[in-house]
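By convention in this document, chain letters (A, B, ...) are assigned in the order of the sequence lines, proteins followed by strands, and residues within each chain are numbered from 1. Quick caveat, the model's predicted, so the values are computed rather than measured.
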Amino acid sequence: MKTKQITKIILGAVVVLTLVSCGGNTDKNETKTDQAALTGDIKIDGSSTVYPITEAVAEEFRAEQPGVNVTVGVSGTGGGFKKFSRGETEISDASRPIKDKEKAACEENGISYVELEVAYDGLAVLVNPANTWVDYLTVEELKKIWEPAAQGVVMKWNQIRKEWPNEEIHLFGPGVASGTYDYFTDVINGEEGASRGDYTASEDDNVLVQGVSTDKLGLAFFGLAYYEENKDKLKLVPVNGGNGAVLPTQETVANGTYTPLSRPIFIYVSNKAAQKEEVVSFVNFYLEIVPSISKEVGYVPIPNDILAKQVEKFNTFVAQK
Amino acid sequence: MTNSQKNKLIDNAFKIFGVACTLFGLIILAILIYDILKTGLTRIDWDFITNLPSRRAQKAGIYTALMGTVWILFLTAIIAFPIGVGAGIYLEEYGKKSKWANFLEINIANLAGVPSIIYGLLGLEIFVRAFNLGGSLLAGSLTLSLLILPIVIVSTREALKAVPSSIKDASVALGASKWQTIWNQTLPASVGGVLTGVILAISRAIGETAPLIVVGALAYVPFAPSSPMDEFTVMPIQIFNWVSRPQHEFAVNSAAAIIILLLITFMMNGVAVYYRNKWQKKIKW
Amino acid sequence: MKVEEKEHIMTEPKTIPEINKKALIEARNVNVFYGHFQALKDINISMNKNSVTAFIGPSGCGKSTFLRCFNRMNDYIDGYSIKGEIVIDQKKINWKNVVIEELRKEVGMVFQKPNPFPKTIFENVAYGLKIQGIKDKSFIEERVIKSIKDVALWDEVKDDLKKSALALSGGQQQRLCIARTLAVEPKIVLMDEPTSALDPISTASIEELMFELKQKYTIVIVTHNMQQAARISDKTAFFYMGEIIEYDDTKIIFTNPKQEKTQNYITGRFG
């Protein structure tokens, strides 16, 4: 008697599972354009910074070409390159350029690639809205605060400028696994990965927002997108990179005046991948819509002329095959 | 104060302490659940469950992540339980008491404490690369099976140990072989304990994210799995993904997804507890 | 209970029963060890078919150990070793190539504490048949009903065969365990203090049972209850410190024992 009941339940679960598995995604099966229907799998992996853009493009592409299965992973820029260099992925998302070691690994496996800039990511410096004394920060001042030598030494605001309050600085920033951390330390401290260790670290920028927005003495740096979403809780700090104090906006990041804290983010496409029709179609689509997508997910679109160069670069790469 | 008065005081103090400890855990859980429900409950509708992930929070759904979670739990269960229960039976009933057996016992218990990421790395090398399974559900479920195997083995052994030897004696005295005794008497009588191990193991598996990411679980997967060789994503990954987005609506999505995940966990545990109790009613030592 | 230290020397040689063809169970020069500890010393005894033999003696004297030799239940105890011969139905049972499961179909056992399986009453009694691979449902049903009737339990459970055996009272459970043993129709039934955990009424009904069972089975019973031994057994063996001090007709043991120790035990000088 009991066995029958259990069997019924298990059978029921299997039936439900099968039905729902078949259900779900049959509604998005018409191609929008007159393009020939493509099929295939495109594997993308890499940076979690680039992920939102790639995900958005993949989502839109699905409406165009529902027969192509695009999957995206978030193993990190480094992790993505590892898989890319072994030929396990077609496209790699990266929030920094490929390193020499990674280049060598690709060469070893006969993988050549093309590097395409797809958007800019602005790194904002933030303080609490109740912070009345910070009007701007120079790159030298940022370095003074964040360099390794500052650990345990630079602890108060008035150590940066005498007229600032004699109060503790509470620092918030990305952890060492983050590409943002890599980039910030590189351009501010002069060496990638070199930083003081005594600050509140988190890979999740939302945590940093939380930290600095509730601490009057807080100072943080994180992606511009997170400032945009939390404007009312944060105060943006202009950064003087040598040519006056500049606030990071869509314009200043795009035209390079907000410096040095704006960086390009990339996708890399392998030669093997470029031989596939569906990959070529996807990348072209990517470059086509990335300006509008970037804004939507909180990044800064690259200027049209630079974008055109990327398109040309890609077409040349494809033609080489 | 007399001795008995002192004892009574200690008695009461301990009782209050015990109640406080229990309440502490329950209250925190209640607060967390209330918070999650407040944030995410209204977001849950049929679309949320059947939509694919999207950059637009309103449109984003958990469909593929949910299917991935269900698939991986199912596959992990059918791999881990026969092996785990079988190993538990072997070690408890057949393993001779020797230095080797002791060594094995200590190591299996230790395995339960190994950080799950190690299993992820192991799974990557063995299942994904050496067995050439790629970043598939099968590789993921084999990895998770390794992870929960120690739990299943240890609780199976404990459950078997708890069966009184008088039952086994009666069985062999009637001429049953060792295997007949295990299959007909010991195992059915220990189902309660084994099911408890099931509950613990599944609860551990459902929340595991790190080893699955290492093995190749993805973040954006636009299709539900249709075979064990398909690529996949799971609920915890989707939740983590949404939680770290700047847009506030994604926080709501995360809360809603967490509610669904909790619901699955409670449902599974509920079914297991129900059957465990039913079985145990028949067995009153 | 402190044993009065009398001289260990026997006043008369022990009676050694003669090996005869009517014997169903025989022990010849049996010595049993648990590790270095010797539990049984030079045991020689033979028991006839369709008899009830009682083993009596103080705690720890080896009676239960000896009982378990007959169905080789001692095999599971660490450090157990046996020297000498146990012969059942003219066959030696301690050889390596004896199939233990076959032996136990011939020699059944009832334990001190009733140990029904956590299954239905019917399943309990049918279990012995099931493990022999018997599939014929009507045969099984017939045998189960017969066994339950044989132990005088039928009237009490005939409507409740599908109920859990654990719901029965202690006395009923023990009778069920006996029925379970009888269902496989063994030649010999070993009983290890079968009524020590039961109330007087259940005890009485089981003792009555044993009179009936004697017709078809050979019974060996270990008991602490001397009155019980006197009531139900044909022959009695008195064990002390691992040896059989005296083995004779029950009447003689209890009214006119030949050994002083026996006399002291049955008159309650030591327990």
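Other residues, nucleotides and ligands contribute over 12 non-hydrogen atoms within 6.0 Å of the NZ atom of B:Lys161. Residue C:Lys214 places its NZ atom among more than 12 non-hydrogen atoms of other residues, nucleotides or ligands, all under 6.0 Å distant. Surrounding NZ of C:Lys91 are at most 12 heavy atoms belonging to other residues, nucleotides or ligands under 6.0 Å away. Atom NZ of C:Lys49 sits in a sparse spot, with 12 or fewer heavy atoms from other residues, nucleotides or ligands closer than 6.0 Å. Annotation: C:Ile201, atom CD1; neighbour count of heavy atoms from other residues, nucleotides and ligands within 6.0 Å does not exceed 12. Heavy atoms of other residues, nucleotides or ligands lying less than 6.0 angstrom from OH of C:Tyr76 number more than 12.
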> Step by step, would you call C:Lys119 with B:Gln185 a side chain to side chain contact (heavy atoms under 4.5 Å, CB included)?
Replying inline: CA-CA 9 Å; C:Lys119 295 179 188 283; B:Gln185 300 297 345; 3.4 Å; yes

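At a heavy-atom separation below 4.5 angstrom, chain B is approached by no residue within residues 139-149 of chain C.
Heavy atoms closer than 4.5 Å to chain B are found nowhere in C:Arg72, neither backbone nor side chain. Looking at C:Val107, only its backbone comes within 4.5 Å of chain B, counting heavy atoms on both sides.
C:Gln112 CD to B:Ser166 OG: the interatomic distance, rounded to the nearest 0.5 Å, is 11.5 Å. Taking CD1 of C:Ile131 as the start and OG of B:Ser171 as the end, the distance is 5.5 Å to the nearest 0.5 Å. Put simply, CE on C:Met109 and CG on B:Asp169 are 8.5 Å apart, with the number rounded to the nearest 0.5 Å. A distance of 11.5 Å separates CD in C:Glu101 from NZ in B:Lys178, rounded to the nearest 0.5 Å.
In plain terms, the two heavy atoms of B:Leu174 and C:Thr181 that are nearest each other are CD2-CA, 4.0 Å. Shortest non-hydrogen contact noted between C:Arg104 and B:Val172 is CD-O, 2.9 Å. Listed here is the closest heavy atom pair of C:Phe117 and B:Ile167: CE2-O, 3.5 Å.
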